[in-house]
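Worksheet: the structure to be examined is printed underneath.
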Amino acid sequence: MDSYDAKTIEEKWQRIWEDARAFEVQNPEPGADAAPKSYVLEQLPYPSGTLHMGHLLPYTIGDVVTRFRARNGLRVLHPQGFDSFGLPAENAAIREGGHPRESTERNIVHITRSMRRMGWAYDWARVLSTHDPEYYRWQQWQFLEFLERGLAYRKGAPVKWCPNDQTVLANEQVHDGRCERCGAEVESRLMEQWFFRITDYAQDLLDDLDTVDWPESIKARQRNWIGRSEGAEILFRIEELDEDVPVFTTRPDTLYGATFFVLAPEHELVARVEAEEVREYVRRASAKKTEVRAAAAEKTGVFTGWHAVNPVNGERLPVYVADYVLMDYGTGAIMAVPAHDQRDFDFATVFDLPIRHVVRPAHEDVDEGTAHVGHTEGEILVNSAEFDGLPAVEGGRRIVEKLETEGRGRFAINFRLRDWGFSRQRYWGCPIPVIYCDTCGIVPVPRDELPVVLPDVEDYKPKGRPPLALATDWVNVPCPSCGGPGMRETETMDTFVDSSWYFLRYCDAQNDAAPFDRAAVDYWNPIDLYIGGVDHATMHMIYARFWVKVLNDLGHLGFREPFARFYSNGWVTTGKTKMSKRAGNVIGPDDYVERFGADACRLNILFLGPANEDIEWTESSIEGMARFVRRLWRVVNQAAEEAPAGSASDGRLARKAHATIAKVTDDIGRRYAFNTAIAAVMELVNELSREPAGGPDSRFAAETAVSLVQPYAPHVAEELWERLGHERLWEQPWPVADPALLEVETVEVVVQVNGRIRDRLHVAPDTPEDELVALARRSERVQAHLDGGEVSRTVVVPGKLVNFVITGETVFPP
RNA sequence: GCCGGGGUGGCGGAACAGGUGAGACGCGCCCGCCUUAAAAGCGGGUGUCCCCAUAGGGGGCGUGCGGGUUCGAGUCCCGCCCCCGGCACCA
């Protein structure tokens, strides 16, 4: 027998799969009966220079599932592509010179080669890159659809600005007041921005989470992010201004406890204060970053001299400006109830404002000197005029109803989710296809002029203005509407737009008349298994859901959720830190593929632990896995050479093979427990190695092991399959366990006395209960323990155990 | 603070529906075989404490801690402790 040579085998089979177009899949012909399908997809990768172990996990999971489902008779779509716009390439170009396109495309070539070497079964005929004009052309087309329906709009808004990257950041890209990308401190700026009206879909996005099969933790994050709160909007009149100001509150039951009123520094009315003290406070507050405000030890604020009238009792409340009230949540104004809100309490303490308790437990007293926060269950209203004594929740409702009849309040729902600001002052992104005209305003670029191709520029360095502004030939164009002078939009789209619809394009990747054909998209979607990391749980996966809902409302597709099932893979870590380019601790697979082969790497990454938890990379385990592959090689080769063909018996080895089929099928197909499936195959190989030449059963066991390991180690599996005298394992039906052989001939039934095992019986699995009890009683060792006690109860689990419960002294014999 | 996920051998982990002595499978380590030697490979051992003993056998205790339910609990319930992740002046 020749020795195992991973490199030769892997190259051989990769060539064969490629020549056979083994993993390319066709869309169904229009009108034809659509075959049962499965759409398996890993989150779109950014094409950094090289693959690392962190990438191996999701892609190998996707590959195992793809190969498994294909052999189970499904038509499987498993494409791959590149999220190739974005800051890293642009920053690299600024740093090292060259065009971002050059380094990006070089990286794509390199990473594609690495992916092929891993043997992942992708339909490369559908590959896409988001920086390809043929891709973003259709993104611009969809943007125009959004724009025309008012779902994309421009407004001035305070935005998070990264002074280092010279660009606007989404809220999600800011962590602890710093740019998540470069770590620079984020500033706040007022700028005209493009927004998608995702807030229109907030309730929809929340409700439809109930229809998808995702881990609860991921759903929880999205719910958290959307942040729905129920409450009321209540109008307060500011006496001195004669203006009504709405506030949002989740605690209308505490309205009688309001003792002051607060406006956010950015609130429009604040501009009307003339006192220099207030103006100075507003200036200082707006310079402060939100996170610095939040971290402040003590609440700050300043009295405006105004008073707000509480609509429910006519009380005059002093109006303050304080930066603990945020302009971009609710209405930017609050009624302050220090007795029942910690923040208001803190403020009231600093400014020595009155604290009035209006909600308290029905049957106990509260300390009036502290804030009594966040309770409504079992509590009643006090100090609340005619509402006294009502349960808090009902009281709140009655108060709002009363205000409603007076036109001073209404029930309201508020979301934490904000509209999605998607314009970026950077170069390397999808151009926004609009033209500004002094006469016509914002004019969409006509669809037949798409794509608006990103022009080359001399200098990508951001200078506060987008680099595209420097491409004057490109910028200055006639207005499509009136023909007068116009200027192109020089901002580009957030790359999250690119990844909001790429999974649709895969379904019809070559379409040059539309983003995609609806029938093709409706056939393949929703995605049956979406695989990726938790870090995209709130941004990408909310945006893509929003995008699909809009396209559905516009009639472009027939479903409302893109990701029917989501599998969240863990991180690969070294030490305890997540492996990432930024952490500088990446270990690439290339070296290991060279030394041990792609098959060993694939097996290893899935064997290290449950794939939905973090996995620590260890050098020694891959050596163990290489050992397993060699062992498999040796044992199967020996069976191929020496074990005769013929029908398998019902002996131990054949039964083990059937049990392994059942286990692996369930582990991959239902449980997504990729590690235990490998362990099961190892057990089978261990048994086979005891008698590799043992007859037809050995050959059957060898074939079974090879067939079951194929999703994980497809190259060596194909090679061994061929040596066993067969061909094209990747097309063979997945093996089916014979239920008759899953039954073992004899089972061990435990005999317990008071739950302690005293003997074992070896009996047929279907031995009836009474017989089991009789056998158990006959046992000498059991007898010894039954002496001196009376059996008060006998528990029998057929095929498992008999338990005698005895009363009496001799529970534990000496 | 709120939300989510976890605590099992020297290590990664298994035990999927409360039902066989927990610890599958692998890593590491130890002993042996093979070899001039090494590598590779092969065989065996490996939770912990105790007892009788020549082989071997027997028993106690063990899944973060404390209670509980049950004939029976890693698995269910109550109360703690600790770790990881997310969100957070969100009114």
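Just so it is clear: chains get the letters A, B, ... in the order the sequence lines come, proteins before strands, and each one is counted from 1. Please read all numbers here as calculations on a predicted model, not as lab measurements.
Below 30°, between 30° and 60°, or above 60°: for Y672(A) and F674(A) the angle between ring planes is above 60°, a perpendicular geometry. Under the 30°/60° scheme for interplanar angles, the aromatic rings of Y543(A) and W420(A) are found to lie parallel.
Under the rule for a ring pair (Phe, Tyr, Trp, His ring centres under 6.0 Å), the partners of Y592(A) that lie at least two apart in sequence or sit in another chain are W617(A). Residues forming a side-chain hydrogen bond (donor to acceptor under 3.5 Å, both in side chains) with T199(A) (at least two apart in sequence, or on another chain): D419(A).
When the C1' atom is used for both C51(B) and C42(B), the distance is 36 Å, rounded to whole Å.
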Revision key, fill the gap. The contact string for nucleotides 14-20 of chain B, one letter per nucleotide 5' to 3', using protein heavy atoms under 4.0 Å with B, S and - for base, sugar-phosphate only and none, comes out as SSB--BB
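Atom CZ in R251(A) sits roughly 11 Å away from atom C1' in A91(B) (whole-Å rounding).
Look at R223(A) and you won't find any side-chain N or O under 4.0 angstrom from OP1 or OP2 of C87(B). The shortest distance between the side-chain N/O atoms of R221(A) and the OP1/OP2 oxygens of C3(B) is not below 4.0 Å.
Here CG of N604(A) is found 10.0 Å from OG1 of T60(A). Values are rounded to the nearest 0.5 Å.
Secondary-structure annotation of RNA chain B gives the stems B:1-7 with B:81-87, B:10-12 with B:25-27, B:28-33 with B:41-46, B:47-52 with B:56-61, B:64-68 with B:76-80, with a stem taken as at least 3 successive Watson-Crick or G-U pairs whose two distances both fall under 3.5 Å.
Taking a 4.0 Å limit (strictly below) on heavy-atom distances, residues 680-690 of chain A reaches RNA chain B at M682(A), E683(A), N686(A).
Checked against C89(B), A91(B), G41(B), the side chain of R627(A) finds its nearest nucleotide in G41(B).
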Output one line per pair: protein atom, nucleotide atom from nucleotides 74-76 of chain B, and distance, for all N/O pairs under 3.5 Å.
none

